[in-house]
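To start, the structure under review is shown below, and the notes come after it.
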Amino acid sequence: MAQRRYWLLKSEPSAYSFSDLMSEPDQTAEWDGVRNYQARNFLRDDIKEGDRVLFYHSSVDPTAVVGTAVVVRSSYPDHTAWDPDSDHPDPKSTPENPRWYMVDVRGEAGLPIPVTLAAIKANPSLENISLLTRPRISVHPITPEEWDIILAMGQEGGLGHTGA
DNA sequence: GCCAACGTTGGC
DNA sequence: GCCAACGTTGGC
């Protein structure tokens, strides 16, 4: 009965950044717009209130884990799917038969040092992290060990110092 | 901006 | 239900 507790969520900061999240009222936002079935299944079935989240910036230089968040509302239908004016409309998803799901997350704190993808790749302890083994998914399960390692790497003077 | 990886679609 | 074509993601 391995209940998952840690996740990594990707976002392109040009679309929605960690500082955008921290600027929200109560630092809370809907994690909408996921339109991939594997990611959807995690959101719908596995991510629960209280789970912890690594916020990852993709498609920027450098790509990196930049902060942490906590899930404050578990799975409910992504209403932006049936909003034709949203950024990710999907006419096949309806209120009666929703196809896509989302959660609400509340930003906690930025990491003192962003943990870059390069640093993650360079750490042998993280060679099996889902981020590396299953690329191109926007939601990844994270083990407690990986969570601890990445947070340690993100501290001043921590394991993230691969060089000067 | 390129392009590899891989998820999704749709014809058969 | 297979698989080729197509679209998207996302690192570089």
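Chain identifiers are assigned alphabetically (A, B, ...) following the order of the sequence lines, protein sequences preceding nucleic acid strands; residue numbering begins at 1 within each chain.
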| query | Just by protein heavy atoms under 4.0 Å, how would nucleotides 7-12 of chain C read 5' to 3' in B, S and -? | reply | --BBSS
| query | Is there a side-chain contact (heavy atoms from CB on, under 4.5 Å) between S11(A) and Y56(A) once you walk through the steps? | reply | CA-CA 6 Å; S11(A) 186; Y56(A) 178 87; over 6 Å; no
| query | Between V53(A) and V70(A), is a side-chain contact (heavy atoms from CB on, under 4.5 Å) present by the stated rule, with each step listed? | reply | CA-CA 6 Å; V53(A) 170; V70(A) 60; over 6 Å; no
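Remark: R40(A) fails to qualify as a cation-pi partner of F42(A) under the 6.0 Å distance and 45° angle criteria applied to the six-membered ring.
Looking at heavy-atom distances under 4.0 Å, D61(A) makes no contact with the nucleic acid at all.
Considering R35(A), R44(A), H88(A), R99(A) in turn, R35(A) is the only one that fulfils the side-chain hydrogen bond (donor to acceptor under 3.5 Å, both in side chains) rule with D78(A).
Hydrophobic clustering of Ile, Leu, Val, Met, Phe, Trp and Tyr side chains at less than 4.5 Å, counting indirect connections, keeps M102(A) apart from V72(A).
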